[in-house]
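Scroll down for the structure; my scribbles are underneath it.
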Amino acid sequence: MAIDSDAGSCVSADVAAGVPPAAALFHSLADENRLRIVQRLARGEARVVDLVAELGLAQSTVSKHLACLRDCDLVDYRAEGRQSFYSLTRPELMDLLASAEQLLAATGHAVTLRPAPSGVRTGGAGA
């Protein structure tokens, strides 16, 4: 699965192209795979190999999406030996996802975008 040239743009590239910053931010989160990566990183840091296994995406796809999210300053990494551990950099992103959950629920499209608080089990496989 490859990222096409339009879907691969992120905030910095979009803003440089004249797209207003708010539109660029929402565009960066509009990609389903980037949103899935953000959702996973909301539970804690992960390596590319972890994201590949958990999300069922190709390594190159995960790497490109992480690069985009880094370009947006939403994700960063720390190196430990030869491994890189990715994490979210903006706690405000959880507020945005909470607001999106509320808005979608109000329009009849309830979704879960944030991880459940520790110790709280949600419905799903193994619950």
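Please read all numbers here as calculations on a predicted model, not as lab measurements. We're numbering straight along the sequence, starting at 1.
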I need the [X] [atom1] to [Y] [atom2] distance, nearest 0.5 Å.
| X | Y | atom1 | atom2 | value |
| --- | --- | --- | --- | --- |
| R114 | L96 | CZ | CG | 11.0 Å |
| D71 | L66 | CG | CG | 12.5 Å |
| D50 | R47 | CG | CZ | 4.0 Å |
| M94 | Q39 | CE | CD | 8.5 Å |
| D31 | R36 | CG | CZ | 10.0 Å |
| L35 | H65 | CG | NE2 | 11.0 Å |

[X] side-chain N/O to [Y] backbone N/O, donor-acceptor pair under 3.5 Å:
| X | Y | answer |
| --- | --- | --- |
| E101 | T112 | no |
| R40 | G44 | yes |
| R34 | S28 | yes |
| T61 | L57 | no |
| T89 | L74 | yes |

For [X] versus [Y], what's the shortest heavy-atom pair and its separation?
| X | Y | answer |
| --- | --- | --- |
| S63 | V48 | OG-CG1, 4.0 Å |
| R70 | D76 | NE-OD1, 3.7 Å |
| L113 | A100 | CD1-CB, 3.7 Å |

Honestly curious: do V111 and L93 fall in one hydrophobic cluster under the side-chain, below-4.5 Å linking rule?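 Linked, V111 and L93 end up in one cluster.
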F85 and V49: same hydrophobic cluster, using ILVMFWY side-chain contacts below 4.5 Å?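 In one cluster with F85: V49, no.
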Does a salt bridge link R78 with E45, judged by any charged N lying under 4.0 Å from a carboxylate O? yes
Given side-chain contact (heavy atoms from CB on, under 4.5 Å), test L55 with N33 step by step and report yes or no. CA-CA 8 Å; L55 302 176; N33 289 323; over 6 Å; no
Any non-hydrogen side-chain atom of R43 less than 4.5 Å from a side-chain atom of E54?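 Side chain of R43 against side chain of E54, heavy atoms only: contact under 4.5 Å found.
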How about OH on Y77, more than 12 heavy atoms from neighbouring residues, nucleotides or ligands closer than 6.0 Å, or not? no
